[in-house]
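Here is the naming used below: chain letters follow the sequence lines, and residue numbers restart at 1 for every chain.
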Number of protein chains: 2
Amino acid sequence: MSPKIIDEATLEAREEEIMRTALEIISELGVAGLTIDKVVSQLPYSKGTVYNHFTCKEDLLTGLCNRSVKSVAALFERAITFDGSSREKMLAVGYAYMLHSMLNPTEFMLVISAKTPSVREKSTERRQEEHVALENRLLGGLLQVISNGLASGELQLLPHLSPAQVAFSLWSMSFGTIALLHETLDRCSVRIEMQLERELVNHCNILLDGLNWQPYTQEHNWMDTIDHFKNELFAPEVEQLRERLNG
Amino acid sequence: MSPKIIDEATLEAREEEIMRTALEIISELGVAGLTIDKVVSQLPYSKGTVYNHFTCKEDLLTGLCNRSVKSVAALFERAITFDGSSREKMLAVGYAYMLHSMLNPTEFMLVISAKTPSVREKSTERRQEEHVALENRLLGGLLQVISNGLASGELQLLPHLSPAQVAFSLWSMSFGTIALLHETLDRCSVRIEMQLERELVNHCNILLDGLNWQPYTQEHNWMDTIDHFKNELFAPEVEQLRERLNG
DNA sequence: GTTTTTTAATGACGGTTCGTCAAAAATAGC
DNA sequence: GCTATTTTTGACGAACCGTCATTAAAAAAC
C-alpha cells in the first residue's frame, strides 16, 4: 500500500543532467537544432521521463534561461564587492554582464529566445515566476550599489528618477549593447570581442556621466579600473576567456 | 524555343503577398505558430512556389525582418526632419523607434528572432546582406544628426568617441530599453505602454546628457518637445496607437 | 516469500511539419 | 499542333512533437 517514492535530490540532479545535455546540443546545433528526441537519445532516460520534468521544449528553454540568469546573479554579487568607488562597482556589474555573455554566448542568446512570446507563453507558470524572481535578484544587486552611491554623495539623483529607474537604465544599456554586438560575434575572432568590451565600457561611462555619478569619465583613470577587473575581480573569467580564444 | 518568362513585377508582388500572409499568421499565433503549410493554405499558390521565393522558414523570417526595418528607416527619416535643435532630432529618432515597436510589436520581436543565430545561419546570403545594408541606412540617419550637432556646437564630442560610436550608443540604449520592456507588454494595457514611453525618454536624455549634448535635460522643457512629437511629427502614428488601445 | 498496491518509466504511435522532386501545366515561338 | 523551356504542383519521406497504454520497480501487507 506504499508507493515508490523518488528522492527529491535525485530528481533535481536529473533535471540538471537534462539541462546540461540540452545545452550541449544547443551549443552545437543552435536553438533551432534542439530536439527532445536528441536530448533523450543522449540520456539514459526515456522521452516520457524528460516530459515529467519539462512540459514541452519551450519549458526546457525557460529552464535553461533561468539556470543562466542564476550564474549571472552570482557574478553580479561578486561585482558589487569590488574595492572601489560606488561608480566603479556599477561599472563592474556591467562588465560582469559582458564577461558572462562572452563566456556563455549560447546562454546569452537563450535569454533572448526565452523572452520571445512564443516561448514564454508555452512555459510553465512556475518557471515564469522563477524567472521574474531571478531578474529581481539581479536588480537587487544594482539597487544596493545605487544606495551606496546616494549615501556617499557620489550619485546625485535627478529629481524625476527613482533608484529602480537608475538600475533599469544600466541594465537596458548593457543588454542592448551586448545583444547588438553579439550578432557579429564570431567565436574565433578576438578583435570583435574586444570591440564589445570597448563599447560596453564607453556606453556605461556615458550613461553614468549622464546620471551625475562621480567621479566623471574625465576625472578618473578608468583603464586602471578595468585592469583591476581583469587582473583581480574577474581574473578567473578573463583567464578562461583568453584560453578559449587562443586554444 | 522561347520559354515562359515571369514578369519581375509580379514576382515582387507575390513575394510581398507571401510576407503579408506570413505576418498575419505570426500576429495570431506567434513566431512559433508560423508554418509554411499554413501560409500556403491561405494563398492561391502551392508550397513549391513559396519555396521558390524563400529557401526555408528562416529565410522568410529574415525577409519579414528586413521589411520591418525598411519601415523603421522611413520613420527615422521623418524624425530627423523635426523642426528643432539637433538634440531634439536625436530624441525624435529614439521616439520613432519606440513608436514603431508599439505599433508593430510582432515585427519588433521578429527583429530579435531574426538576430538569433539559428535563424540567421539558415537565411540566404542575399537577405543577410540586405539586412546589414538596411541597418547601415538606419545608422546613416543618426550620423546626419550627429554631424549637425557637431557643426552647431551643441554636441561636444568626447575625445575617445567617434560619431559612429555616438550613433551606436543611442541605438543600443533604445533597443535594450524597448526589448526589456516589451516582454511585459500586454496589448490591452495602456499603463505599461506609457511606462515604456517614460523610460525611453528618460534613458535617451540621460545618454544625451552623458554625451555633452546641449541643451541638457534641466535646461529645456522636454515635455513640450514630446508634445510636438505627439501632435505634429508623429501625429498619425500616435492617433493610430490611441485607436488601437481604445478600440 | 509471495502478493498487492501504487508510482515511475518506457517507447510505439498518431498527427504535424518540413523541404524535395518527378511529373504536370503553362508559355511562346515555329 | 508541336516543341523547347520554365514554372507550378502536391504527394512523399524524413524528422519531430507530445501522449498514453503498457511495463517495470518498489514498498507494504500478509
Side-chain angles (χ1 to χ4, degrees), chain A residues 1-19 21-22 24-26 28-64 113 116 118-119 121-124 127, chain B residues 1-15 17-18 21-22 24-26 28-64 113 116 118-119 121-127:
Chain A
M1 230 215 240
S2 186
K4 170 186 178 183
I5 296 281
I6 259 244
D7 192 358
E8 182 71 26
T10 34
L11 221 96
E12 261 181 55
R14 196 163 59 188
E15 197 154 305
E16 171 62 23
E17 198 181 351
I18 295 170
M19 289 202 278
T21 307
E24 273 171 30
I25 292 171
I26 294 178
E28 269 180 60
L29 306 170
V31 181
L34 177 69
T35 292
I36 300 283
D37 284 340
K38 283 181 200 150
V39 175
V40 169
S41 77
Q42 294 196 17
L43 282 174
Y45 315 115
S46 76
K47 190 186 277 200
T49 302
V50 171
Y51 272 98
N52 277 348
H53 288 268
F54 303 95
T55 61
C56 58
K57 204 171 113 169
E58 286 74 19
D59 199 39
L60 174 55
L61 283 176
T62 305
L64 281 172
S113 302
T116 295
S118 54
V119 173
E121 284 160 10
K122 288 190 179 177
S123 298
T124 320
R127 249 176 266 274
Chain B
M1 231 216 237
S2 187
K4 168 186 178 184
I5 295 279
I6 260 250
D7 191 359
E8 183 71 26
T10 34
L11 222 95
E12 261 182 54
R14 196 164 58 188
E15 196 153 305
E17 199 180 350
I18 295 170
T21 307
E24 273 171 30
I25 293 170
I26 294 178
E28 271 180 60
L29 306 171
V31 181
L34 178 70
T35 293
I36 301 282
D37 285 338
K38 284 180 200 151
V39 175
V40 170
S41 77
Q42 293 194 19
L43 281 174
Y45 316 114
S46 76
K47 190 186 280 199
T49 302
V50 171
Y51 273 98
N52 277 348
H53 287 268
F54 302 94
T55 60
C56 58
K57 206 171 110 169
E58 285 74 19
D59 199 39
L60 174 54
L61 284 176
T62 305
L64 281 171
S113 302
T116 295
S118 53
V119 173
E121 284 160 10
K122 288 190 179 177
S123 299
T124 321
E125 195 72 31
R126 192 195 113 215
R127 249 176 265 275

TODO: Starting from the 5' end of DNA chain D, give me the residue, K38(A) or G48(A), whose nearest nucleotide shows up first.
DONE: K38(A)
TODO: Nearest 0.5 Å please: distance from the OG atom of S113(A) over to the CD atom of E58(A).
DONE: 11.0 Å
Open item on the list: Given 3.5 Å as the limit, does a donor-acceptor pair link the side chain of T55(B) with the main chain of Y51(B), or not?
Closed with: no
Open item on the list: Of the options dG19(C), dT17(C), dC17(D), whose atoms approach the side-chain atoms of T35(B) most closely?
Closed with: dT17(C)
Which side-chain N or O atoms in residues 33-41 of chain A pair as donor and acceptor under 3.5 Å with protein atoms at least two apart or in another chain?
unit_1: D37(A); atom_1: OD1; unit_2: K47(A); atom_2: NZ; d: 2.8
unit_1: K38(A); atom_1: NZ; unit_2: G33(A); atom_2: O; d: 2.7
unit_1: S41(A); atom_1: OG; unit_2: K38(A); atom_2: O; d: 2.8

TODO: Report yes or no: is there a donor-acceptor pair, N or O only, under 3.5 Å between the side chain of K47(A) and the base of dG18(D)?
DONE: yes
Open item on the list: So, OP1 or OP2 of dA8(C): does either fall under 4.0 Å of a side-chain N or O from R14(A)?
Closed with: no
- [ ] Would you classify N52(B) as touching base, sugar-phosphate or nothing, given that sugar-phosphate means primed atoms plus P, OP1 and OP2, and contacts are heavy atoms under 4.0 Å?
- [x] base
Task: Whole-Å distance separating the CG atom of D7(B) from the P atom of dA28(C) - done: 11 Å
TODO: Ignoring backbone atoms, test whether S46(A) places a side-chain nitrogen or oxygen under 4.0 Å from the OP1 or OP2 oxygen of dG11(C).
DONE: no
- [ ] Give the intermediate values and the outcome of salt bridge (Lys or Arg N to Asp or Glu O under 4.0 Å) for residues D59(B) and K122(B).
- [x] CA-CA 7 Å; D59(B) 199 39; K122(B) 288 190 179 177; over 6 Å; no
Open item on the list: Under 4.0 Å, counting only non-hydrogen atoms across every strand here, what does T49(A) touch: a base, just sugar-phosphate, or nothing?
Closed with: base
- [ ] Measure from the side chain of D37(A), starting at C-beta and using heavy atoms only, and say which of dT9(D), dC16(D), dG19(C) lies closest.
- [x] dC16(D)
- [ ] Measure from CD on E58(B) to C1' on dG19(C) and round the result to the nearest Å.
- [x] 11 Å
